[in-house]
Engineer: 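Starting off with a structure, shown below.
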Amino acid sequence: MTYKAITLVKRPETELTDDLLKVIDFSKPTPTDGEMLIKLSHLSLDPAMRGWMSADEKSYIPPVKLGDVMRASGIGEVVESKNENFPIGTRVMGLMGLTEYALSDGKGLNKIPKELPADAILSVIALPGITAYHGVFEVLKPEKGQTLIVTAAAGSVGSLVGQMAKNLGLTVIGVAGSEEKCQWLTEELGFDYALNYKDSNFEEQLSNAAPNGIDLFFENTGGVAQGPIFNAMNPHGRIAVCGLIAEYNKTEASPGPSWIGIIKKRLTIQGFTMPDHFHRINEYGQALGEMLEKGELKYRTHVLEGLESAPKGLNLLFNGENKGKLIIAL
Ligand SMILES: NC(=O)c1ccc[n+]([C@@H]2O[C@H](COP(=O)([O-])OP(=O)(O)OC[C@H]3O[C@@H](n4cnc5c(N)ncnc54)[C@H](OP(=O)(O)O)[C@@H]3O)[C@@H](O)[C@H]2O)c1
């Protein structure tokens, strides 16, 4: 029996093109002692995959080797097992790649309850939720009454960040790239303001939404919104640098705001990546599960069908056409 997987055959220079990833047929492997075979049911497409395709050896995680199955996280079920910790029927989540089947010894995989829907796991309990949770509670450390702004606010991480801050009693401003997304933020998620960074009067809209300045900035994008937001920061403000998606397809970094503002306003700016905090996944997952159960977090998913949808699907994250967590159903 054969199955399909997607390998990385070429590294991107700028935008993601059709020739970088290739669908290949593999023969189904048989687990040896300590191994198990997992049938994937759902895959997650994430902006970080763009970085994993590049040759950068100095990033927080090594690049995917040319010819290897493209790294991606997903959910699956054990269908054959020679590992007593993972009997047949166990549901697992982890970095198993863009593939229909994966062979594993269990390292790096998390067991997940069967009753939780895959979209809730991938949209909230998995990377988007733990990233939002860590950035909000461990980096920004919000206090009631403060004003928080988040970019890519209608995306999977950003939408959770804003809701967590609203639930803590902050004034929340979301920045997104379309009117539809802005409307979703204010009408469905309860953000106080949603600003379209593509509007020519973005700066004016920002000063109207935050007449007393910004205390906390959850940065997901870089790009045109970054400078005006940086200039609106209050003294002793904090910036969590989670992502800079506007930069990922560029060959040269854009100039950022002048560092003089960091001194004058005594700002704290902290970058973070979740692999450093994976040891806290159970703790964060528990907290996120409770928030979901209480109805404190809403999410939406953008579901593509079939493994072959991955190469083109990834681009939706970069042109902003994804509406919510981008998932592939296999
Ligand atoms: N540090 C970590 O460990 C970690 C973990 C997870 C994610 N992240 C980062 O968090 C950010 C959000 O990730 P996500 O998974 O939640 O994706 P997402 O927000 O669901 O999707 C990406 C969104 O980015 C926006 N975007 C794309 N190009 C842009 C540009 N040039 N300028 C401004 N906005 C742009 C688009 O929304 P619009 O329509 O609003 O433009 C797009 O929908 C990414 O930068 C990602 O790399 C970091």
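Whatever order the structure lists ligands and atoms in, that order sets their numbers, starting from 1. Side chains included, hydrogens not; waters and symmetry mates left out as well; all remaining heavy atoms used.
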Engineer: Below 4.0 Å from any atom of ligand 1, which residues have a heavy atom? Give them in chain and number order, please.
Structural biologist: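 Contacting ligand 1 under 4.0 Å are Pro47, Leu127, Thr131, Ala152, Gly155, Ser156, Val157, Ala176, Gly177, Lys181, Tyr197, Asn220, Thr221, Cys242, Gly243, Leu244, Ile245, Ala246, Tyr248, Phe272, Thr273, Met274, Leu317, Phe318, Gly320, Asn322.
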Engineer: Using a strict threshold of under 4.0 Å (side-chain N to carboxylate O), is an ion pair present between Arg280 and Glu138?
Structural biologist: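 So Glu138 pairs with Arg280 through a salt bridge.
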Engineer: Answer yes if the ring centres of Phe202 and Tyr197 are under 6.0 angstrom apart, and no otherwise.
Structural biologist: no
Engineer: Answer yes or no: is there an ion pair linking Asp18 with Lys312, defined by an N-O contact shorter than 4.0 Å?
Structural biologist: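 The answer is yes: the pair qualifies as a salt bridge.
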Engineer: Could you verify whether a donor N or O on one side chain and an acceptor N or O on the other, from Ser44 and Lys325, lie under 3.5 Å apart?
Structural biologist: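 Their side chains do contain a donor-acceptor pair, which is all the 3.5 Å distance test asks for.
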Engineer: So, Asn315 and Glu15: side-chain donor and acceptor under 3.5 Å apart, yes or no?
Structural biologist: no
Engineer: Listed by chain and number, what are the ring pair (Phe, Tyr, Trp, His ring centres under 6.0 Å) partners of Tyr60, not counting sequence neighbours?
Structural biologist: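 Not a single residue meets the ring pair (Phe, Tyr, Trp, His ring centres under 6.0 Å) criterion with Tyr60.
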